[in-house]
Chemist: 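One structure is given below, represented as structure tokens, and several questions about it will come after.
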Amino acid sequence: MNIAKITTQLEKTGYIVLDHPLSATLTNQLVGRCQNDAARFHAAHIGRGPDKKQLIAIRGDEIEWLDDSNAVDQAYLIWMESLRTKLNEALYLGLFDYECHYAIYSAGTGYAKHSDVLQGKKNRILSTVYYLNNDWQPDDGGELILFDTGGVAVIATVKPKMGTMIIFLSEVFPHEVLISHTTRRSITGWFRVSGS
Ligand code: OGA
Ligand code: MN
């Protein structure tokens with residue numbers, strides 16, 4: 001990984017899009033793990049109150065946290081751990097840990113505009129998304145839209161293509177996942193500082 005390129009870009013714009021930072025072999029193995037076989041995944045419903053239909057209209061993914069006892073998941077986590085160390089060395093971010101989950105959006109779902117920094121919990125510093133969609137086509141939709149802090153101007157549109165990774169400052173960019181017209185797979189994660 002070209003850490004200088006990553007840190008320079010993060011300092012300059014607050015986000016970076018990487019093309020195939022991980023090997024094709026590992027990426028294919030991650031696709032294999034991002035399958036809801038044996039009903040490993042569960043709905044990522046947020047909040048409480050509204051009924052299931054309303055919740056799915058906000059956020060349609062089903063998720064499964066990576067399992068560090070699985071060799072494939074472990075390889076991804078080790079790569080992220082190495083990135084964490086290097087980011088701390090270069091940017092003094094004091095990143096304490098990294099957590100991540102697989103996400104599967106079924107056709108017809110997305111994730112409405114939101115911030116990854118939960119109210120009263122400001123320990124998420126950097127968000128990462130690694131896309132696992134082989135042969136993604138423009139008609140498939142499911143692009144990630146990054147907005148400016150005010151939530152109005154579009155800063156970036158990211159195609160969820162296999163091997164694309166985005167890293168962005170969690171607090172700076174509200175973002176949205178456009179409706180996907182086909183099954184959409186990814187790994188979403190966060191580098192965090194130690195919680196208060
Ligand atoms: C999230 C998220 C973006 C994406 O899970 O919080 O914003 O492109 N995901 O999957
Ligand atoms: Mn998000």
Side-chain angles (χ1 to χ4, degrees), residues 10 13-22 27 30-31 33-36 40-47 55-66 73 76-77 80 95 97-193:
L10 283 178
T13 63
Y15 76 96
I16 183 166
V17 179
L18 302 170
D19 185 25
H20 287 89
L22 302 171
T27 304
L30 292 166
V31 174
R33 286 281 297 156
C34 190
Q35 311 287 330
N36 194 11
R40 285 164 51 231
F41 286 60
H42 61 273
H45 293 158
I46 47 166
L55 288 169
I56 289 172
I58 298 169
R59 174 173 188 184
D61 56 337
E62 294 193 289
I63 66 170
E64 172 75 2
W65 294 88
L66 270 69
D73 292 11
Y76 188 78
L77 292 167
M80 281 298 180
L95 303 174
D97 70 0
Y98 179 76
E99 60 174 12
C100 62
H101 62 64
Y102 292 106
I104 304 176
Y105 290 79
S106 50
T109 69
Y111 194 159
K113 195 193 292 178
H114 66 279
S115 164
D116 283 350
V117 177
L118 314 171
Q119 274 204 344
K121 248 190 116 191
K122 295 200 167 227
N123 61 343
R124 288 175 167 178
I125 304 301
L126 283 171
S127 302
T128 70
V129 193
Y130 191 46
Y131 296 106
L132 302 173
N133 303 295
N134 210 350
D135 199 30
W136 180 89
Q137 301 293 322
D139 283 353
D140 293 340
E143 294 93 340
L144 171 70
I145 311 289
L146 233 56
F147 295 92
D148 69 349
T149 306
V152 179
V154 172
I155 301 290
T157 299
V158 183
K159 300 172 173 130
K161 287 202 283 204
M162 181 102 151
T164 295
M165 181 183 292
I166 181 164
I167 306 172
F168 61 93
L169 287 166
S170 305
E171 206 173 3
V172 173
F173 302 102
H175 51 281
E176 171 181 3
V177 176
L178 299 184
I179 301 289
S180 184
H181 305 298
T182 180
T183 305
R184 178 192 194 270
R185 298 173 206 282
S186 59
I187 304 173
T188 304
W190 299 274
F191 288 107
R192 305 186 302 180
V193 291

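Whatever order the structure lists them in is the order used to number ligands and atoms, beginning at 1. Being a predicted model, the structure only gives us computed values, none of them experimental.
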Chemist: Does a donor on one side chain and an acceptor on the other come within less than 3.5 Å for Ser186 and Tyr105?
Modeler: no
Chemist: Looking only at heavy atoms, what is the nearest atom pair of Gly189 and Cys100, with distance?
Modeler: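 Looking at all heavy atoms of both residues, the closest pair is CA-CB, 3.5 Å.
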Chemist: Return the option from His175, Lys113, Glu176 holding the heavy atom at the smallest distance from atom 7 (O) of ligand 1.
Modeler: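 Checking each option, the heavy atom nearest atom 7 (O) of ligand 1 is found in His175.
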Chemist: According to side chain to side chain donor-acceptor pair (under 3.5 Å), who are the partners of Asp73, at least two apart in sequence or on a separate chain?
Modeler: Arg33, Tyr102
Chemist: What's the shortest heavy-atom distance between Ala156 and Tyr15, and which atoms?
Modeler: CB-OH, 3.7 Å
Chemist: Mind running side-chain contact (heavy atoms from CB on, under 4.5 Å) on Lys161 and Tyr131 for me, showing each step along the way?
Modeler: CA-CA 6 Å; Lys161 287 202 283 204; Tyr131 296 106; 5.7 Å; no
Chemist: What protein heavy atom lies closest to atom 3 (C) of ligand 1? Include the residue and the distance to one decimal.
Modeler: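 Among all protein heavy atoms, the one nearest atom 3 (C) of ligand 1 is Val177 CG2, 3.5 Å.
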Chemist: I'd like to verify the contacts: list protein N, O or S atoms under a distance of 2.8 Å from the Mn ion (ligand 2).
Modeler: His114 NE2, Asp116 OD1, His175 NE2
Chemist: For Tyr131, counting its heavy atoms only, list the atoms of ligand 1 lying under 4.0 Å from any of them.
Modeler: 4 (C), 8 (O)
Chemist: Check Asp140 against Asp135 and note the closest heavy-atom contact, atom names and distance.
Modeler: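 That would be OD2-O, 4.1 Å.
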Chemist: Nearest protein heavy atom to atom 5 (O) of ligand 1, by residue and atom, and its distance?
Modeler: Thr188 CG2, 3.4 Å
Chemist: Looking only at heavy atoms, which two atoms of Glu62 and Phe41 are closest? And how far apart?
Modeler: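 The pair with the smallest heavy-atom distance is O-CD2, 3.4 Å.
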Chemist: Is there a side-chain contact (heavy atoms from CB on, under 4.5 Å) between Ser106 and Ile104 once you walk through the steps?
Modeler: CA-CA 6 Å; Ser106 50; Ile104 304 176; 5.7 Å; no
Chemist: Which heavy-atom pair separates Leu22 from Thr27 by the least distance, and what is that distance?
Modeler: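 So the two residues come closest at O-OG1, 3.8 Å.
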Chemist: Got an N/O contact under 3.5 Å between His101 and ligand 1?
Modeler: no
Chemist: Report the part of Val158 in contact with ligand 1, treating N, CA, C, O as backbone and CB onward as side chain, heavy atoms under 4.0 Å; options are side chain, backbone, both, neither.
Modeler: neither
Chemist: Arg184 near ligand 1, heavy-atom distance under 4.0 Å?
Modeler: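 For ligand 1, residue contact (heavy atoms, under 4.0 Å) with Arg184 is present.
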Chemist: Search all heavy atoms of Trp190 against all heavy atoms of Ser170 and return the closest pair with its distance.
Modeler: CD1-OG, 4.1 Å
Chemist: Using distance alone, determine whether Tyr111 and ligand 1 share an N or O pair under 3.5 Å.
Modeler: no
